[in-house]
Amino acid sequence: MPVSSRAGLAALVAGLGLVATGCSIDRQMGRFPAQEAADGAVDAPTMDPEPDQGPPPDLTDPAGHWMLFVEDRNCLVDAGDPIESLIWSWYRVELVPSADGRASLTLRSRICKQELSPLAFGFLSLVPDATTDSGEEQETAGFLVGESSGALFLSDTIVDYWGVQGLSFEDMVPASADDERVVDQDGDGNPGVTFPVVTTSGLEICEVYVAQRIRAGLEGRVRNARRIDGDALTGTDKAVLAASTGLCASGDVVPNMAGNTFSLVRIDGVDGSPDADLDGDGTIACAEIREELPALMAAYGLERSEPDSDRWCPP
């Protein structure tokens with residue numbers, strides 16, 4: 001689609017900046033969902049309720065396989081008005097309760113899929129499956145304080161590194177492809193990881209090569225034995241290493257101060273949950289989650305929110 005005006009080009013540059021900015025994004029805590037539903041469950045602000053399946057059982061044994069769905073809000077800023085863009089991430093999570101019966105848990109997680117809402121003119125920034133598949137499993141501490149609906153759930157920060165290694169949590173993400181910590185993680189011959197930008201018809205516009213650190217901490221409440229909802233305390237530290245055009249290396253992203261949400265849903269057939277173990281090997285791989293994703297989202301009434309710049313990113 002041609003860019004017919006200077007204002008249109010500025011909007012496009014701002015939109016492409018979501019995947020190309022070199023700035024850091026520090027998320028602040030969102031509003032915790034305190035409104036309780038009639039059955040005592042706590043609803044995340046942007047999530048539809050789980051379809052009625054009778055009285056919700058207590059979460060007496062969280063051990064098993066879950067899917068984590070995180071919705072992260074961003075504001076894209078340029079010379080014009082800010083534009084909201086959303087990042088949706090899906091993780092495979094195995095919950096491992098403490099052996100001593102305490103409230104502590106271990107979360108063994110792997111990010112399986114990430115999508116971004118459309119940019120200006122409907123252009124899309126893509127996160128290839130090769131990028132998420134090239135990541136490593138993370139182990140994070142968590143706490144489940146109770147079994148019944150409304151019980152508190154917390155996790156330490158889940159941290160994923162894309163295109164960079166040997167980085168501590170406090171280190172700046174390197175912005176040069178010559179930095180020895182930068183690696184070709186997705187194996188495509190380019191530094192870091194590659195994000196294509198395409199039209200809605202699939203025509204590639206440009207590519208951007210980035211190094212980044214993705215952070216997500218969870219604060220939520222048990223809804224029932226199959227589901228936990230709450231606030232995701234998120235942030236992305238990103239640096240552009242190179243781009244195929246200058247347009248892909250433009251733009252800026254700032255926190256919009258809105259609450260970002262998560263839903264952690266059971267997917268191993270336990271307690272009436274859907275079973276995503278397609279090959280019956282007793283574990284659930286990212287490929288199985290991606291194959292079953294529409295059915296899993298529908299089973300729990302999960303939906304992606306629509307960007308709303310007027311509400312979340314006012315001028």
Side-chain angles (χ1 to χ4, degrees), residues 18-19 21 23-33 44-47 62 65-75 85-96 105-117 127 131-144 152-164 167-171 173 193 195 210-222 227-238 253-265 267 286 289 293 296-297 300 302 304-305 312:
L18 180 62
V19 296
T21 179
C23 69
S24 295
I25 307 171
D26 290 324
R27 275 282 183 259
Q28 296 195 18
M29 186 177 297
R31 293 188 299 274
F32 193 82
T46 59
M47 303 300 177
H65 292 88
W66 301 66
M67 180 181 75
L68 172 63
F69 172 54
V70 177
E71 183 171 86
D72 184 11
R73 297 180 179 277
N74 296 271
C75 291
S85 187
L86 301 175
I87 302 175
W88 300 292
S89 303
W90 292 266
Y91 295 74
R92 167 197 177 274
V93 178
E94 183 181 1
L95 294 185
V96 182
L105 298 165
T106 298
L107 284 72
R108 295 175 180 162
S109 66
R110 177 186 290 274
I111 190 167
C112 293
K113 185 176 181 64
Q114 190 175 88
E115 292 182 354
L116 287 72
S117 61
V127 180
T131 296
T132 54
D133 286 344
S134 64
E136 298 181 352
E137 184 176 86
Q138 310 296 324
E139 285 202 359
T140 308
F143 297 90
L144 180 62
L152 180 64
F153 170 82
L154 302 169
S155 85
D156 202 352
T157 304
I158 300 169
V159 185
D160 284 278
Y161 296 92
W162 286 356
V164 64
L167 209 65
S168 74
F169 189 84
E170 297 81 12
D171 289 340
V173 174
V193 293
F195 293 163
V210 306
Q212 69 178 28
R213 173 174 47 217
I214 305 169
R215 297 173 275 121
L218 311 177
E219 269 191 33
R221 300 277 179 178
V222 171
R227 181 169 177 172
I228 301 170
D229 294 324
D231 282 349
L233 314 180
T234 64
T236 299
D237 309 305
K238 183 179 302 183
V253 180
V254 297
N256 65 3
M257 308 301 289
N260 304 305
T261 59
F262 81 89
S263 284
L264 183 63
V265 295
I267 58 170
C286 279
I289 287 179
L293 191 57
L296 295 173
M297 294 287 283
Y300 287 100
L302 298 173
R304 304 166 180 84
S305 296
W312 298 110

Side chain proximity check, L116 to V127, heavy atoms < 4.5 angstrom
yes
What do the steps show when you test E115 against W90 for side chain to side chain contact (heavy atoms under 4.5 Å, CB included), and what is the final call?
CA-CA 9 Å; E115 292 182 354; W90 292 266; 3.9 Å; yes
Give, for atom CG of D237 and atom CZ of R215, the distance between the pair rounded to the nearest 0.5 Å.
4.0 Å
Minimum heavy-atom distance S117-S85, with the two atoms named:
OG-OG, 3.0 Å
Working to the nearest 0.5 angstrom, can you tell me the gap between D133 CG and K113 NZ?
10.5 Å
Just one of L218, L152, L264, L68 clears the side-chain contact (heavy atoms from CB on, under 4.5 Å) bar with I228, so which one?
L264
With a 4.5 Å limit on heavy-atom distance, are the side chains of Q212 and F195 in contact?
yes
Considering residues at least two apart in sequence or located in another chain, which fulfil the side-chain contact (heavy atoms from CB on, under 4.5 Å) criterion with R110?
E137, C286
Between V193 and V210, is any pair of side-chain heavy atoms under 4.5 Å apart?
yes
Before you tell me yes or no, could you show the steps for L144 and V222 under side chain to side chain contact (heavy atoms under 4.5 Å, CB included), namely the whole-Å CA-CA distance, both residues' side-chain angles and the distance that decides it to 0.1 Å?
CA-CA 9 Å; L144 180 62; V222 171; 3.5 Å; yes
Shortest non-hydrogen contact between E136 and D160, atoms and distance
O-OD1, 4.1 Å
So, does S89 use its side chain to make a donor-acceptor pair with the main chain of V70 at under 3.5 Å?
no
Is there side-chain contact between L167 and V173, with at least one heavy-atom pair below 4.5 Å?
yes
Nearest-0.5 Å distance, CZ of residue R304 to CZ of residue F69
6.5 Å
Determine whether T132 and C112 satisfy the following criterion, side chain to side chain contact (heavy atoms under 4.5 Å, CB included), listing intermediate values before the conclusion.
CA-CA 6 Å; T132 54; C112 293; 5.7 Å; no
Just how far is it from atom CG of D231 to atom CD of E219, taken to the nearest 0.5 Å?
7.0 Å
When every non-hydrogen atom of L105 is compared with those of P62, the smallest separation belongs to CD2-CG, 3.9 Å
Within the 4.5 Å heavy-atom criterion, are L95 and L107 side-chain neighbours or not?
yes
Report yes if some heavy atom in the side chain of W88 is under 4.5 Å from a heavy atom in the side chain of L302; otherwise report no.
no
With the side chain counted from C-beta on, respond yes when Q114 and T131 share a heavy-atom pair under 4.5 Å apart, and no when they do not.
no
When rounded to the nearest 0.5 angstrom, what is the spacing between CG in L233 and CD1 in I158?
11.0 Å
Just say parallel, tilted or perpendicular for the rings of F153 and F262, cut-offs at 30° and 60°.
tilted
Would you call R213-D171 a salt bridge at under 4.0 Å N-O?
no
Interatomic distance, D72 atom CG to I87 atom CD1 [nearest 0.5 angstrom]:
5.0 Å
Quick one, V96 and E139 - any side-chain contact, counting heavy atoms below 4.5 Å?
no
Which atom names give the shortest non-hydrogen contact between R227 and Y300, and what distance separates them?
NH1-O, 2.8 Å
